[in-house]
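A short write-up of the structure that comes next.
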Number of protein chains: 2
Amino acid sequence: MWIMKGTRNMPRTGEAGAPGVDPEQLWLGSTRPRRGRKPAYSREAITAAAVALADAEGLEAVTIRRVAAEVGAGAMSLYSYAPDKETLLELMVDHVTGELPAEHTPGGDWRAELKAIAHLQRAHMLRHPWLPAALAGRRTPGPNTLAFLERALAALRPSGLDGAAKLEVFAQLTAFVAGHVTHEIAGAAALRSPDRLAAEARYLAAVAADGHHPELAEVLTAPGRPLTPEATFTRFLNRLIDGLDTE
Amino acid sequence: MWIMKGTRNMPRTGEAGAPGVDPEQLWLGSTRPRRGRKPAYSREAITAAAVALADAEGLEAVTIRRVAAEVGAGAMSLYSYAPDKETLLELMVDHVTGELPAEHTPGGDWRAELKAIAHLQRAHMLRHPWLPAALAGRRTPGPNTLAFLERALAALRPSGLDGAAKLEVFAQLTAFVAGHVTHEIAGAAALRSPDRLAAEARYLAAVAADGHHPELAEVLTAPGRPLTPEATFTRFLNRLIDGLDTE
DNA sequence: GCTATTCTCGTACATCGTACGGATAAAGAG
DNA sequence: CTCTTTATCCGTACGATGTACGAGAATAGC
């Protein structure tokens with residue numbers, strides 16, 4: 001089913017002029033062959049197991065061996081369903097993107113619809129905290145991602161932006177949400193560990209006390225009202241979208 | 001010098017309630033001990049070698065063994081200078097951040113100064129393409145990062161935002177730039193490989209031809225003027241910053 | 001049945017982060 | 001000076017990872 005790629009002894013071309021994942025092979029190929037042994041597992045089941053693992057224990061728990069064990073297969077069997085681990089990540093990303101509602105309801109304010117899309121993405125990424133990292137720099141949207149893109153493009157129709165601009169808005173928006181959520185998750189993780197939080201606070205206090213960081217010192221002594229991530233997100237998102245126009 | 005951390009046989013607590021790097025140990029500790037053998041290398045040199053390696057061959061080329069070889073040390077010697085690889089990444093991030101000018105020139109438009117800061121960050125990340133990935137979710141700013149933060153806070157002084165809000169603006173801005181640059185770099189890498197670009201184009205064309213993606217089809221047939229990453233960045237950045245106020 | 005095809009998965013290997021512990025060097029104590 | 005204490009250096013070794021290889025098992029067409 002797959003031609004294995006073989007990265008092990010590759011000449012290391014410096015900074016990876018590398019192919020990444022071939023979207024044609026992955027998403028467009030090919031029907032079940034009519035001969036040979038029947039597959040014992042399925043891409044669907046393997047992907048779902050990998051996602052469950054990432055949700056429960058983080059991306060670094062997603063190893064070929066762990067995922068294979070989870071579906072009851074031998075490690076090497078996974079390679080009949082995906083040519084390498086990169087591709088498995090690709091499958092995971094598109095799999096969870098299928099959870100997002102992709103129907104566009106026409107009419108109404110397109111800016112509001114765009115904001116709703118971004119809020120959906122944020123909630124989604126918070127539900128799958130590994131997603132921002134797995135998403136980074138990906139350029140070969142699978143079917144679910146394309147369906148969601150379709151919705152975003154439909155929402156952008158009344159904006160009067162041209163094609164390239166609409167694509168760019170979606171990409172930038174997604175990148176923005178991913179960046180925010182990455183930061184938000186790190187903050188939440190710190191909050192969950194009192195020791196760590198205290199160490200951070202002591203560190204910043206020590207720096208502020210050295211006299212070379214007057215602005216930081218002031219910020220720490222007069223923090224003002226604490227901000228919820230939700231509020232911060234909404235605020236910046238509104239800035240971003242309310243300013244969009246066709247100029 | 002370091003107490004080694006030992007992650008190998010850790011019980012796997014599910015989603016890492018883990019400590020990350022302790023900023024007090026790392027940035028505030030400690031003067032040269034008065035006894036014992038003199039260090040043959042330096043944290044500075046090791047960090048610089050790691051950065052050079054990442055610049056030339058990407059983050060995944062930065063292995064303990066490679067970095068050690070680069071400075072002429074045995075692999076295990078690096079652990080006298082940093083307790084683990086995570087910490088080495090921390091050192092790398094702060095090291096390159098030292099390239100950014102941290103002096104604040106008072107007076108003038110604070111929004112313009114903030115925009116200038118973001119443009120500096122973008123250029124910086126393009127020069128060190130591994131930086132966005134290495135930066136993700138980091139919460140323990142080193143001295144150079146703190147100096148740059150100090151500049152940003154000084155720039156934000158006339159904005160009237162309170163302490164927490166100023167910190168949040170800086171964090172969000174950095175996350176935004178990192179997100180953008182990650183996307184920009186992926187695009188540039190694709191452009192460098194004509195085969196891959198052609199495969200992506202064929203794939204999208206095939207999807208657009210299936211009749212289920214009318215918006216995508218239209219976008220591909222009427223793309224409009226192509227956008228430079230520079231222009232896109234400036235546009236979104238201006239949206240973000242011009243909307244900032246104290247409301 | 002025979003053969004071509006396809007999937008399964010045990011074994012093996014290079015490479016990674018890093019624990020362990022002996023060798024080596026520097027400084028204080030006597 | 002010798003002796004002890006302490007830091008650093010690093011060879012060796014271990015567990016884990018991605019995945020190449022190829023022998024066996026299952027299926028379909030002849």
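Within every chain, numbering begins at 1; the chains are lettered A, B, ... in the order of the sequence lines, protein sequences first and strands thereafter. This one's a predicted model, so the numbers in the text were calculated from it and none came from an experiment. All values below come from the heavy atoms of this structure, side chains included, with hydrogens, waters and symmetry mates left out.
In the set dT19(D), dG29(D), dC7(C), dT19(D) carries the atom at the smallest distance from any side-chain atom of Ile64(A). Side chain of Pro33(A), nearest nucleotide from dG18(D), dC9(D), dC7(C): dC7(C). Taking only side-chain atoms of Met76(A), from C-beta outward, the nucleotide of dT24(C), dG18(D), dA20(D) with the closest atom is dA20(D). Checked against dC9(D), dG18(D), dG29(D), the side chain of Ala40(B) finds its nearest nucleotide in dC9(D). Across dA7(D), dC9(C), dT18(C), the shortest atom-to-atom separation from the side chain of Ala73(A) is found for dC9(C). In the set dT8(D), dT8(C), dT6(D), dT8(C) carries the atom at the smallest distance from any side-chain atom of Tyr81(A). Checked against dG18(D), dA4(C), dC10(D), the side chain of Tyr41(B) finds its nearest nucleotide in dC10(D).
The existence of a salt bridge linking Glu60(B) and Arg66(B) is excluded, since no basic side-chain nitrogen approaches an acidic carboxylate oxygen closer than 4.0 Å.
Rounded to a whole Å, the CD atom of Glu86(B) is 9 Å from the P atom of dT18(C). Rounded to whole angstrom, the span from the NZ atom of Lys85(B) across to the C1' atom of dT18(C) amounts to 12 Å. If you take CZ of Arg32(B) and P of dA7(D), they are 9 Å apart, rounded to a whole angstrom. Rounded to a whole Å, the CG atom of Leu78(B) is 12 Å from the P atom of dG11(D). In this structure, Glu60(B) atom CD and dG17(C) atom P are separated by 12 Å, rounded to whole Å. One interatomic measurement links the two molecules: CD1 of Ile46(A) to C1' of dC9(C), which rounds to 13 Å at whole-angstrom precision.
Note that CZ of Phe176(B) is 10.0 Å distant from CZ of Arg122(B), once rounded to the nearest 0.5 Å. Atom CZ in Arg139(A) sits 6.5 Å away from atom CZ in Arg196(B) (nearest 0.5 Å). Between the CG atom of Leu88(A) and the CD atom of Glu90(A) there is a distance of 10.5 Å, given to the nearest 0.5 Å. Note that CZ of Arg65(A) and CG of Leu78(A) are 11.0 Å apart. Values are rounded to the nearest 0.5 Å.
Between Arg35(B) and Ala75(B), the one whose closest nucleotide on DNA chain C sits nearer the 5' end is Ala75(B).
Within the 4.0 Å cut-off from OP1 or OP2 of dT6(D), not a single side-chain nitrogen or oxygen of Arg34(B) is found. Using a 4.0 Å cut-off, no side-chain N or O of Lys38(B) falls inside it from OP1 or OP2 of dA26(C). At dT8(C), none of the side-chain N or O atoms of Tyr79(A) fall inside 4.0 Å of OP1 or OP2 (strictly under the cut-off). Between Ser77(B) and dT8(D), a side-chain N or O to OP1/OP2 separation shorter than 4.0 Å is absent.
With hydrogens and angles ignored, a donor-acceptor pair closer than 3.5 Å exists between the side chain of Arg65(B) and the base of dT18(C). Side chain Arg37(A) to base dT8(C): no donor-acceptor pair is found below 3.5 Å.
Between Arg151(A) and Ala102(A), the closest heavy-atom pair is CB-O, 3.3 Å.
Contacts of Gly36(A) with the nucleic acid, taken as non-hydrogen atoms under 4.0 Å apart, include base atoms.
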